[in-house]
Amino acid sequence: THEWRNLFLHLVAAVLADALGKDQFASVAHKLRSKAGVLSLRKRLQKHNRQSIRYWICAFCVNQHSAICGSFGVEPSADSPERHRYKANSVDTVTGKYHQNCSCEETKHWSG
């Protein structure tokens, strides 16, 4: 769940695939694209008694406004391997525009 460029569909598919004991989520993601596919997945989860498994997903469990919404952090140096990932995570994958930092006034907690 720690890749901001992923689609929400992929997050849901990965969780469901794990609950179903699958190593990959592509087939589950495909099923999630239709009502019939969703119903099929629901039946499989029920059949194997896997519909009540709990997962920790940071995007839902952590107040992002108290930690990371106001900054992308320190930009890595131009010659570092982390620079490409930093730049890729700074833009919207659909529009190609840079993400805007949040202007909320929530106190930030950078550790602990």
Side-chain angles (χ1 to χ4, degrees):
T1 65
H2 287 87
E3 178 56 65
W4 289 104
R5 294 175 289 167
N6 286 343
L7 298 176
F8 185 72
L9 170 73
H10 294 165
L11 168 64
V12 174
V15 170
L16 293 175
D18 183 76
L20 293 168
K22 294 181 167 286
D23 292 332
Q24 299 193 12
F25 67 86
S27 64
V28 175
H30 181 74
K31 287 185 180 288
L32 286 172
R33 293 177 185 266
S34 72
K35 186 174 184 175
V38 170
L39 293 174
S40 169
L41 289 168
R42 181 177 286 167
K43 285 180 184 177
R44 285 178 57 201
L45 288 165
Q46 291 171 342
K47 178 182 176 184
H48 298 289
N49 197 29
R50 307 293 286 174
Q51 71 274 18
S52 297
I53 297 174
R54 296 180 184 175
Y55 287 84
W56 173 274
I57 298 173
C58 288
F60 302 142
C61 300
V62 175
N63 178 359
Q64 304 296 328
H65 291 284
S66 70
I68 64 170
C69 74
S71 169
F72 293 114
V74 178
E75 188 169 341
S77 62
D79 58 348
S80 71
E82 294 84 16
R83 175 71 173 247
H84 177 74
R85 182 181 166 116
Y86 177 89
K87 287 293 191 182
N89 286 337
S90 300
V91 299
D92 185 296
T93 57
V94 175
T95 66
K97 294 180 181 178
Y98 279 95
H99 293 294
Q100 298 295 311
N101 287 329
C102 182
S103 60
C104 78
E105 296 183 15
E106 182 82 23
T107 302
K108 307 298 182 233
H109 303 279
W110 299 107
S111 65

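If you read the sequence from its start, that first residue is 1, and numbering goes on from there. A quick note: this is a predicted structure, and the numbers were derived from the prediction, not measured.
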Problem set entry | Arg83 CZ: over 12 foreign heavy atoms closer than 6.0 Å | yes
Exercise. How far does CZ of Arg50 sit from CG of Leu16, to the nearest 0.5 angstrom?
Worked result: 11.5 Å
For this session: Working to the nearest 0.5 Å, report the span between CG of Asn89 and CD of Glu82.
Result: 12.0 Å
Seminar exercise, completed: Nearest heavy-atom approach of Asn63 to Glu106 is ND2-OE2, 3.8 Å
Exercise. Are Leu41 and Ile57 grouped together when hydrophobic residues (ILVMFWY) are joined by side-chain heavy atoms under 4.5 angstrom apart?
Worked result: yes
Exercise. To the nearest 0.5 Å, what is the distance between NE2 (His65) and OG1 (Thr107)?
Worked result: 13.5 Å
For this session: Please check if Tyr98 and Tyr86 belong to a single hydrophobic cluster, counting links between Ile, Leu, Val, Met, Phe, Trp and Tyr side chain heavy atoms closer than 4.5 Å.
Result: no
For this session: Taking all non-hydrogen atoms of both residues into account, name the closest pair between Ser77 and Asp79 and its distance.
Result: OG-OD1, 2.9 Å
Exercise. Got a sec, which pairs hit side-chain hydrogen bond (donor to acceptor under 3.5 Å, both in side chains) with one end in residues 17-32, sequence neighbours left out?
Worked result: Asp18-Tyr55
Exercise. So how far is it from Ser90 OG to Arg85 CZ, rounded to the nearest 0.5 Å?
Worked result: 11.0 Å
Exercise. Can you name the nearest heavy-atom pair linking Leu45 to Ala19, along with the distance?
Worked result: CD2-CB, 3.9 Å
For this session: Check the angle between the aromatic planes of Phe8 and Phe60 and answer parallel, tilted or perpendicular using the 30° and 60° thresholds.
Result: perpendicular
Seminar exercise, completed: One should read off an interatomic distance between Gln51 CD and Leu20 CG, to the nearest 0.5 angstrom, of 10.5 Å
Exercise. Honestly curious: do Leu7 and Phe25 fall in one hydrophobic cluster under the side-chain, below-4.5 Å linking rule?
Worked result: no
